Amino acid sequence: MRQVLNVYLVKTKAVLGAARASRINLLLIYLYLLGTSIGSFSLGIGLSQSLRFINPVAFIDETSALISAFLAIAITLSFRGFTVFDYEESLFFTSTITPRAFIAATMLSDLTVFSIFLIPLFLTLWIFTTMLVLPLTIALSLLATIILLLIFIAFIKQSLSILISIRREPMLRFILVFLIAILLLPAASFIDPRFPLRYRSLPYPSTFAAEVLLRLLSREAPPLTSLLGFFLYLAFSTTLLIICSGRDVFRYARPIPFYSAFDASMRTQTIKMKRSISAFSKMGMKFTLDLKPSPISHFLMKKELIRMVRDGSLFFVTYLYAIVLIIGLVGEKSPSAWILVLATYSLLIPTMLIANWRIGEFDSLWTLLTSPLNLKIFFSSLLYAFIAVSTFIPAVTILILGILTRSNIVMPLFLAASASMIGSSANLFVTIHFLERKRRATSGVIVAWLSFLLSGILLAPTYACIGLSLIFETSFFTDLLFGALILLYSYVIFRLLLERIEHKALSIEI
C-alpha cells in the first residue's frame, strides 16, 4: 500500500506541477474555472427548472445513448495499448513495485487529475439538486452513481488497453469494433422511430446506469434489476482489471513523451500533434503531391489538404459536424436552432485548423521566408484550403438536415460561408501577429482565444443580417439579397486581412 501511495503522489505532482510552471498556465486554469463555473450555474438552474415540468424517466433512451457514447470513446482510446510516460519507465519499472500496484497508483492518479476537469459537472449537480430541494440521501446517491460510472468506464478502458498490448491478434480489435457498433446501434432509433431496438429494452450497462440516475432524480427508488445489473457490470470491470493487472505488463508497455494537461506551452502542443500525426499519417499516404507543371497555388492548396489529413484535423472537423448532424436530427429541427449550433461550430473550426497549422508548421516557416515565393500566393492558398474545409463540411451537414427536415437552408449556408471566410482570415492574421519578434512565446490557447474574439466581432454584421431575416421571416429572394451582402462583406474582410497578413509575415521571427 505504501508503494501505491508513493507512486500516486509522484505521478500526481508531476502532472499538477506543470500548472505552476508559468503564470500563463495558472491564468488559463483560473479562466477555465471561472468560465465553467458561470456556465455550470446557468446550466444547473436551467435543468432544475426543466425538471419541474417533465418526467426524467422519459429520457432513459437519450441518457443511455450519451453514456454509451462515452463508453465507446473509452474503448476506442484503448486501441493505443498500454502506454506509460517515458520517465515512468526509467523510474518505476526498475524498482520493486509490482505491475498491479503500479496500475492501481496510475488509476488513482488519473481519477484525481480527471476529477479537476469534472468540476463543472459536480457544480451543476450541486446547483440543480439544491434548486430542486432534493433530500441529502438522493443527492449523495446521485454523486455516488456518477463516480461509480466513471470508475466502470476507466476500468474497462485500462483493462482493454492491457489486453491489446499483450494480445496483438487483429481479431481482438475486430471484436472491440463490433462491440462499439453494438453499443451505438440503438441510437438509430433517434433517426428512424421505426427502428426496433431501444436502449431501455436492452441490458446495456448504460441502460442500467441511466435508469438508476433518472429514477433518483424523480425521487423514486431505482428498480432492483437496474441496481443489480449496474453493480454486476461494475464487478465484471473490476474483475477484468484485476486479472489483466496480474500479468507482467511492464514488458508490453509503450513509452510516450511526458506532457501535462495543465501545460499550455508549445512543447506540449507539439507532442500532442506528433501523436495525432502518428495515428492519422497512414491515411495521408493515399494522397500524393504532383510535381508536374501546374499553378503553384494549386500545389500549395493540395499540400495543406494532405497535411490536414495527416495531422487529424480533417477527421476532427468531420467528427464535430457528425455530432451537429445528430443533434439536428434528434433535437429541435427549426432553422433557428440550426443557426445557433452552426454559428458556434463555424467559429470553432477555423480556430482549430489554424491552431494545428501553427503547431505543425511552426519550425518550417523559415523555408518559406527564405524562398523567392510570393508570400501573398502562399497565404492566399493557405486560406483557400482552410475555407474549403470549413465551408464544405458544414454545407454538407446543412444540406442533409435540410433534405431530411424540409427546412429553409439559405441563411445557414450563407452563415457557414461567411464564418469560414472571416474566421479563417482573422485566425491566421492573429496567429501571424503572434509569430513576430518578442511575441512567438505566447501560449497557443491565448492566441486561439484572441482569434475567436476577433472573428466574433467581425462576424457581427453577418449575425445582424441573419437575425433580421429571422425576425421578419423574409422571403426566399430577400434571403438571397441578404446572403449576397453577407458574402460581399466577408470577401472584403478576407482581402483586407490577407493584405495585412502578407505585411506582417515579413516580421516573423525565425
Side-chain angles (χ1 to χ4, degrees), residues 295-305 307-308 313-314 317 339 342-358 361 365 368 373-396 398 410-436 447-467 479-508:
I296 187 63
S297 58
H298 294 176
F299 176 85
L300 292 172
M301 287 179 62
K302 188 175 181 180
K303 176 254 183 186
E304 291 304 324
L305 291 173
R307 180 193 58 78
M308 283 187 267
S313 298
L314 195 61
V317 173
I339 290 174
L342 288 171
T344 303
Y345 279 91
S346 297
L347 276 173
L348 289 174
I349 298 308
T351 303
M352 185 187 74
L353 291 177
I354 294 176
N356 287 345
W357 172 83
R358 176 179 183 261
E361 302 295 310
L365 288 178
L368 166 67
L373 180 65
N374 188 323
L375 292 181
K376 189 171 185 177
I377 294 177
F378 173 80
F379 285 112
S380 61
S381 302
L382 183 64
L383 283 175
Y384 287 141
F386 290 142
I387 291 171
V389 171
S390 55
T391 300
F392 176 75
I393 296 177
V396 171
I398 293 169
V410 176
M411 295 313 290
L413 283 173
F414 283 121
L415 171 62
S418 177
S420 177
M421 293 174 65
I422 293 178
S424 297
S425 53
N427 274 270
L428 187 58
F429 169 76
V430 174
T431 298
I432 297 299
H433 175 77
F434 281 97
L435 290 179
E436 294 179 353
V447 174
W449 183 81
L450 291 174
S451 302
F452 189 82
L453 180 62
L454 178 62
S455 301
I457 293 173
L458 294 176
L459 279 167
T462 297
Y463 294 139
C465 286
I466 292 176
D479 286 346
L480 288 180
L481 176 61
F482 274 130
L485 292 174
I486 287 172
L487 289 183
L488 178 61
Y489 166 76
S490 302
Y491 182 74
V492 170
I493 295 296
F494 167 77
R495 298 300 303 183
L496 289 175
L497 289 177
L498 179 59
E499 295 291 338
R500 296 298 302 161
I501 289 169
E502 180 188 6
H503 175 73
K504 280 188 168 294
L506 298 175
S507 302
I508 292 177

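All of these numbers come straight from a predicted model, not from anything done at the bench.
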Measure the [atom1]-[atom2] distance between [X] and [Y] for me, rounded to the nearest 0.5 Å.
{"X": "M301", "Y": "S380", "atom1": "CE", "atom2": "OG", "value": "9.0 Å"}
{"X": "F299", "Y": "K303", "atom1": "CZ", "atom2": "NZ", "value": "8.5 Å"}
{"X": "L487", "Y": "F482", "atom1": "CG", "atom2": "CZ", "value": "13.5 Å"}
{"X": "F379", "Y": "S381", "atom1": "CZ", "atom2": "OG", "value": "11.0 Å"}

Checklist entry - What pair of heavy atoms forms the shortest contact from L305 to A385, and how long is it? => result CD2-O, 4.1 Å
Checklist entry - Considering all heavy atoms of both residues, which atom of L428 and which atom of I354 are nearest to each other, and what is their separation? => result N-CD1, 3.5 Å
Check whether any side-chain heavy atom of [X] lies under 4.5 Å from a side-chain heavy atom of [Y], and answer yes or no.
{"X": "I393", "Y": "I349", "answer": "no"}
{"X": "L383", "Y": "L497", "answer": "no"}
{"X": "L300", "Y": "L382", "answer": "no"}
{"X": "Y489", "Y": "I422", "answer": "yes"}
{"X": "M308", "Y": "F386", "answer": "yes"}
{"X": "M411", "Y": "I486", "answer": "yes"}

Item to check | Set of residues satisfying side chain to side chain donor-acceptor pair (under 3.5 Å) with respect to T351, sequence neighbours excluded | outcome: N427
Mind listing the side-chain donor-acceptor pairs of residues 412-421 below 3.5 Å, one per line with the distance, residues two or more places apart or on another chain?
from : atom 1 : to   : atom 2 : distance (Å)
S418 : OG     : T462 : OG1    : 2.9
S418 : OG     : S490 : OG     : 2.7
S420 : OG     : I387 : O      : 3.2
S420 : OG     : S390 : OG     : 2.5
S420 : OG     : T391 : OG1    : 2.9

Next on the checklist: Show every salt bridge (charged side-chain N to carboxylate O under 4.0 Å, His left out) that has at least one partner inside residues 375-395, sequence neighbours left out.
Outcome noted: K376-E499
Checklist entry - Who are the ring-ring contact (aromatic ring centres under 6.0 Å, His included) partners of F494, not counting sequence neighbours? => result Y384
Next on the checklist: The criterion is side-chain contact (heavy atoms from CB on, under 4.5 Å); which residues satisfy it with L453, sequence neighbours excluded?
Outcome noted: W449, I457
Next on the checklist: With side-chain contact (heavy atoms from CB on, under 4.5 Å) as the criterion, how do S424 and L353 come out once you've worked through the C-alpha distance, each side chain's angles and the decisive distance to 0.1 Å?
Outcome noted: CA-CA 8 Å; S424 297; L353 291 177; 5.9 Å; no
